[in-house]
Amino acid sequence: MNTYQQIEAEILSASTILITAHKSADGDSVGSSLGLLYFIEKLGKKAIICHPDKAPGFLDFLELTSIITMDQESEKVTKAFEEADLIFCLDYNSTDRVGKQMQDLLEAATCTKIMIDHHLDPQDFASITVSETSASSTAELIVELIEESGNGALLDEKIGTPLYLGILTDTGSFRFNSVKPRTHEVLAKLLAA
């Protein structure tokens, strides 16, 4: 069983799944969160997204109503952390990147935590860590999760659109050195979907 299949097994066995991302939301944190949410739903499970703060206005074309923020609904976010038996930590490499309030909740949570991230020097706080610094974005790693767990056939426009956005924004519209041949292979799969 590879790491991605192990993550799928954790999703399928969880009752209450929480998806988190870093403070100062951007295209990758929002795109990877929504892409993962829609993938989890395709697997027949439910999840909730809790971010520290509101996404920037240029992302309003996405379904942002499914994201609860700590700065606007702290009681709901606190309850989500307390009830979660699986927490995804997307697009951040240390607990302090989610802001003090969410950091306290994250560190107090005793459930399984899965980090999926592409930044350098990951902190050792998760039960399962996917840390790929060669990846262009966390969104690219979510596509790999879908593919490598054997669920590539589930990739569709709803899942693919926010993931494409995450890659687009984190690569500076494909201008940055983080763009590799595999980035374009992933983009081709998203466009096909």
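No hydrogens, no waters, no symmetry mates; every other heavy atom, side chains included, goes into these values. Since the structure is predicted, the reported quantities are computational estimates derived from the model, not experimental observations. Along the sequence shown, residues carry numbers from 1.
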With a 4.5 Å limit on heavy-atom distance, are the side chains of [X] and [Y] in contact?
X      : Y      : value
Phe176 : Asp170 : no
Val30  : His51  : yes
Ile7   : Val130 : yes
Phe88  : Leu18  : no
Phe125 : Glu107 : no

| Would Lys23 and Met70 count as a side-chain contact (heavy atoms from CB on, under 4.5 Å) if you check the C-alpha gap in whole Å, the side-chain angles of each, and the deciding distance to 0.1 Å? | CA-CA 10 Å; Lys23 194 174 169 117; Met70 189 73 185; over 6 Å; no
Path from [X] to [Y] over hydrophobic side-chain contacts below 4.5 Å:
X      : Y     : answer
Tyr4   : Ile40 : yes
Ile68  : Ile49 : no
Leu43  : Leu90 : yes
Ile116 : Ile11 : yes
Ile17  : Ile48 : no

| task | Check step by step if side-chain contact (heavy atoms from CB on, under 4.5 Å) holds for Glu8 and Met1. | result | CA-CA 10 Å; Glu8 180 196 22; Met1 181 182 288; over 6 Å; no
How long is the span from the [atom1] atom in [X] to the [atom2] atom in [Y], to the nearest 0.5 Å?
X      : Y      : atom1 : atom2 : result
Leu86  : Ser13  : CG    : OG    : 7.5 Å
Thr16  : Ile87  : OG1   : CD1   : 10.5 Å
Ile114 : Cys89  : CD1   : SG    : 9.0 Å
Leu36  : Ile19  : CG    : CD1   : 4.0 Å
Lys42  : Asp156 : NZ    : CG    : 4.0 Å
Leu165 : Leu34  : CG    : CG    : 9.0 Å

Can you give me the closest heavy-atom contact between [X] and [Y], atom names plus distance?
X     : Y      : result
Ser29 : His22  : CB-NE2, 3.5 Å
Gln5  : Glu148 : CG-O, 3.9 Å
Arg97 : Asn93  : CD-OD1, 3.8 Å
Ser33 : Ala21  : OG-CB, 3.8 Å
Lys54 : Ala25  : O-CB, 4.1 Å
Leu37 : Ser66  : CD2-OG, 4.0 Å

[X] side-chain N/O to [Y] backbone N/O, donor-acceptor pair under 3.5 Å:
X      : Y      : value
Asp28  : Thr169 : no
Thr161 : Lys158 : no
Asp85  : Ser15  : yes
Ser127 : Lys113 : yes

| message | Pair Ile142, Phe39 - check side-chain contact (heavy atoms from CB on, under 4.5 Å), show working. | response | CA-CA 9 Å; Ile142 299 299; Phe39 170 60; 5.6 Å; no
Is it the case that more than 12 heavy atoms not belonging to [X] sit under 6.0 Å from its [atom1] atom?
X      : atom1 : result
Glu73  : CD    : yes
Asp124 : CG    : no
Glu41  : CD    : yes
Asp60  : CG    : yes

| query | Do Tyr92 and Thr20 meet the criterion of a side-chain donor-acceptor pair at a distance under 3.5 Å? | reply | yes
| query | Side chains of His118 and Asp91: do they bring a donor and an acceptor to under 3.5 Å? | reply | yes
| field | side-chain contact (heavy atoms from CB on, under 4.5 Å) between Phe81 and Met102, intermediate numbers included | value | CA-CA 9 Å; Phe81 271 93; Met102 272 184 63; 3.7 Å; yes
